[in-house]
Number of protein chains: 2
Amino acid sequence: MGATIRDVARAAGVSPSTVSRALAGSAVVSPATTERVRRAAAGLGYEPNPVARGLITGRTGNLGMIVPDLANPFFPGVVKGVQARAREAGYAVFVADTDEDPLLEARLARRLARQVDALVLCSPRLSEEELLALAGDVTLVLLNRRAGAVPAITADNAGGTRRAIAHLAALGHRRVGLAAGPATSWSNAERAAGLRAAAAESGVDLAELGGYAPTFEGGVAAADVVLAAGVSAVVAYNDVMALGLVSRFAARGAAVPGRISVVGCDDIPQAVMATPALTTIAVPKERIGRAGVDLVLSLLGHPGASGPPVRELDTQLLVRGSTGPAAATERPRKRAHQ
Amino acid sequence: MGATIRDVARAAGVSPSTVSRALAGSAVVSPATTERVRRAAAGLGYEPNPVARGLITGRTGNLGMIVPDLANPFFPGVVKGVQARAREAGYAVFVADTDEDPLLEARLARRLARQVDALVLCSPRLSEEELLALAGDVTLVLLNRRAGAVPAITADNAGGTRRAIAHLAALGHRRVGLAAGPATSWSNAERAAGLRAAAAESGVDLAELGGYAPTFEGGVAAADVVLAAGVSAVVAYNDVMALGLVSRFAARGAAVPGRISVVGCDDIPQAVMATPALTTIAVPKERIGRAGVDLVLSLLGHPGASGPPVRELDTQLLVRGSTGPAAATERPRKRAHQ
DNA sequence: ACCGGGATCACAAACGATTGCAAGCCTGTC
DNA sequence: GACAGGCTTGCAATCGTTTGTGATCCCGGT
């Protein structure tokens, strides 16, 4: 189909090697020849075949990215950050979705590994051992996950949850629930731990409920359990679940934030669109993506790109309409343990 | 890093070509040798390098998919359909997002073209000429778009809009607005045309407003213009815009559906989560994706896969809470033209 | 004993690019 | 006028795999 380097060479009256050098901008080829080659290449619409080039150079110029679920609005945010930064650096990004399936994640990772220069795994559901094994075979960067010494970008979940608890405590909440996400999620464990620590510090009673699917339906499913747990506020594993909680609360006639306050996590676009707007622990999605690519670049030995192998980005508590003062009549009915 | 075919050949005491044939299951190599090669390959953890193989066979075993905006909840639905069907057929899918930029779309398409066996373009923003040119260079399937004889899967926009208008007319609406999407969008043109035709048939007055960005903000921006257009109902280019409309209507004190009815398009997950739940023209997102891959497979000459080069899938009107009877006091104030 | 022929396998040429090395030309200086 | 040396350019090997073609071996038939 497309023109090959030989066609260009013939058209320009030079050898293929000269074409290669001219197009690569090598200084050893004369300006006149370079121009002639450029013109010939443009005339034929020639573009170097990336797979042929990749075969000899060992680099493909593209990055692989794997996410658990593109339908979860959190991930497109990260993807966009990755794509934007990668584009700036001349890399193309191949995204794959695993439907939250660890097995599929492993297969996709191995499949992608040979076709990309590096792999960016966002919130991987894989076990730590598998992650470490994978890191041995391919340049790997983790997003929202730590595993041994594998380069990673994470968000300050501990700080975020601490601020959320402080916010709720200041509003008079003495007992708050946690609608936890999937057990295989590292972020979930992090957030739960942060919440536990912060609650203990602030003298707040924490009821851990879960783990639910990190979806709207998961939030809906959690809502009734939350209402029965005798809490005046609930922190959801993520915004999508929080939205599910709010929806079910409305159906049950439990006013938000009158009867119960809701705090989400991530700050997805829908959080501010909802009514009431969702108070949430904002995670810098795009920045995580960009930082991940920066890390990849430094790992790949790019000039001008370097930094620590693991970075933690700040989170932010965005106080919006879904949190308010604890109802005066509210008092714990029973203690829930897990 | 990984073992090459030569390593396996040496280990098995045969030539590389025999290894290739043995692993491919060719009948010309003896069962004994095949077994020996198999064992050697397994021992070395050998896996054929896909890029080297791709160089000579011309097939890579992966599909490229390009979407305008992954953050628009419509697209992940289609992506999931594509990935699911592709996976069944043994193909991997590389997804790229163009941020609604036609220029970027063209560049990404050309970049991907050489690394995949076929390209699936979802709602491409490219001009028809560029699309046709691209179709000449690579196996191409269009989703939500027609361009000449390029194989394509679309939804029955005309039928959907007709049902929407019939629904609104039955509710007593005599004048409805259209909050149009981007002018570069083929679906937008299709839906506008369908709406025009259906409105004319039903004796409904149509006010075409637009084109807005197909985003929540676009819907918000359209809302005030819609309210000023003297309509009792509005059909939005898509659900995301419809959500923006509803949000701004609420802020302006215009009750939905009391003062104004809203119809969306696509049936994204958020449509049913919103309050009121969104009446919408449901587009079968996953099915479009799957059908697109089926088309690719038949184009690639896969056995057992074939069908017409263009297919139109059914749409469905989902009546939910955002549409209701026209207010009795409502009457046109002025006619808007475009 | 010789030969035809099927069954196996090895050799080598691709695929399209990059890159070390050698060869060519030109110019300047002795 | 010859030679040294710098600047350009071409040759050929290479990346890891597939695949057409030819070589080898062995067996049975005549």
Side-chain angles (χ1 to χ4, degrees), chain A residues 1-41 44-62 90 110-111 113-117 137-138, chain B residues 1-41 44-62 110-117 137-138:
Chain A
M1 266 313 114
T4 81
I5 200 173
R6 247 177 282 268
D7 300 328
V8 179
R10 214 171 308 135
V14 295
S15 81
S17 43
T18 302
V19 174
S20 173
R21 278 185 264 256
L23 263 27
S26 168
V28 306
V29 44
S30 78
T33 325
T34 299
E35 187 48 34
R36 195 148 38 93
V37 170
R38 280 245 158 76
R39 219 178 290 278
L44 274 69
Y46 167 78
E47 284 198 47
N49 182 326
V51 341
R53 165 184 293 171
L55 187 56
I56 185 154
T57 60
R59 5 194 71 196
T60 59
N62 35 40
R110 300 246 163 241
R111 172 103 186 232
R114 307 290 288 265
Q115 321 205 27
V116 300
D117 295 343
D137 293 351
V138 59
Chain B
M1 271 306 121
T4 82
I5 201 173
R6 246 178 282 269
D7 300 327
V8 180
R10 212 170 312 137
V14 295
S15 80
S17 44
T18 302
V19 174
S20 173
R21 275 184 262 258
L23 261 29
S26 167
V28 305
V29 43
S30 77
T33 325
T34 299
E35 188 47 34
R36 196 149 37 94
V37 168
R38 280 244 158 77
R39 220 177 289 280
L44 272 70
Y46 166 78
E47 285 198 47
N49 183 327
V51 341
R53 164 183 293 172
L55 186 55
I56 185 154
T57 61
R59 5 195 71 196
T60 59
N62 34 41
R110 302 246 164 240
R111 171 102 187 233
L112 267 172
R114 310 291 287 265
Q115 321 203 28
V116 299
D117 295 343
D137 293 351
V138 59

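The sequence lines fix the lettering, A, B, ..., with proteins before strands; numbering per chain opens at 1. Scope of the values below: all heavy atoms of this structure, side chains included, with no hydrogens, waters or symmetry mates.
Atom CZ of B:Arg36 and atom P of C:dT8 are 13 Å apart (whole Å). Taking atom CG of B:Asp7 as the reference point, atom P of D:dT17 lies 9 Å away to the nearest angstrom. In this entry the distance linking CD1 of B:Ile5 with P of C:dA12 reads 17 Å, nearest Å. Separating the CZ atom of B:Arg59 from the C1' atom of D:dG16 is a distance of 20 Å, rounded to the nearest angstrom. Rounded to whole Å, atom C1' of D:dG16 lies 13 Å from atom CZ of B:Arg10. A straight line from CG of A:Leu23 to C1' of C:dT18 spans 12 Å, rounded to a whole angstrom. The interatomic distance linking B:Asn49 (CG) with C:dC15 (C1') rounds to 13 Å, in whole Å.
When all heavy atoms are compared, the tightest approach of A:Tyr46 to A:Thr4 is CE1-C, 3.5 Å. Of all non-hydrogen atoms in A:Thr60 and A:Val116, the two that sit nearest each other are OG1-CA, 3.4 Å.
The nucleotide whose nearest atom lies closest to any side-chain atom of A:Pro48 is, among C:dA17, C:dA14, D:dA12, C:dA17. Of all nucleotides listed (D:dT17, C:dA10, D:dG16), C:dA10 comes nearest to the side chain of B:Thr18. Side chain of A:Ile56, nearest nucleotide from D:dC15, D:dG10, C:dA10: D:dC15.
B:Ile5 CD1 to B:Glu47 CD: the interatomic distance, rounded to the nearest 0.5 Å, is 13.0 Å. Atom CG of A:Asp137 and atom CZ of A:Arg110 lie 4.5 Å apart (nearest 0.5 Å).
Residue-level contact check: A:Val19 touches neither bases nor backbone, having no heavy atom under 4.0 Å from any strand. Among the atoms of the strands shown, only primed sugar atoms or phosphate atoms (P, OP1, OP2) are found under 4.0 Å from some heavy atom of A:Thr4. Within 4.0 Å (heavy atoms only), A:Ser30 reaches sugar-phosphate atoms of the nucleic acid but no base atom. Residue A:Val14 is in sugar-phosphate contact alone, with no base atom involved, counting any heavy-atom pair closer than 4.0 Å across all strands shown. In this structure, B:Val29 reaches the sugar-phosphate backbone alone: every heavy-atom distance under 4.0 Å involves primed, P, OP1 or OP2 atoms, never a base.
Looking only at atom types and distance, the side chain of A:Ser20 has no donor-acceptor partner in the side chain of A:Ser17 under 3.5 Å away.
In this structure, B:Thr57 does not reach the D:dT18 phosphate: none of its side-chain N or O atoms is under 4.0 Å from OP1 or OP2. Between A:Arg53 and the phosphate of C:dG16, there is no side-chain N or O to OP1/OP2 separation shorter than 4.0 Å.
Nearest-nucleotide positions on DNA chain C place B:Ala52 closer to the 5' end than the other of A:Arg21 and B:Ala52. Positionally, the nearest nucleotide of DNA chain C for B:Ser15 lies more toward the 5' end than for the other of B:Ser15 and B:Arg114.
With hydrogens and angles ignored, no donor-acceptor pair closer than 3.5 Å exists between the side chain of B:Thr33 and the base of C:dC9. Taking 3.5 Å as the limit, the base of D:dG10 and the side chain of A:Arg6 contain no donor-acceptor pair of atoms between them.
Counting heavy atoms from C-beta outward, A:Arg6 and A:Val19 have side chains that stay 4.5 Å or more apart.
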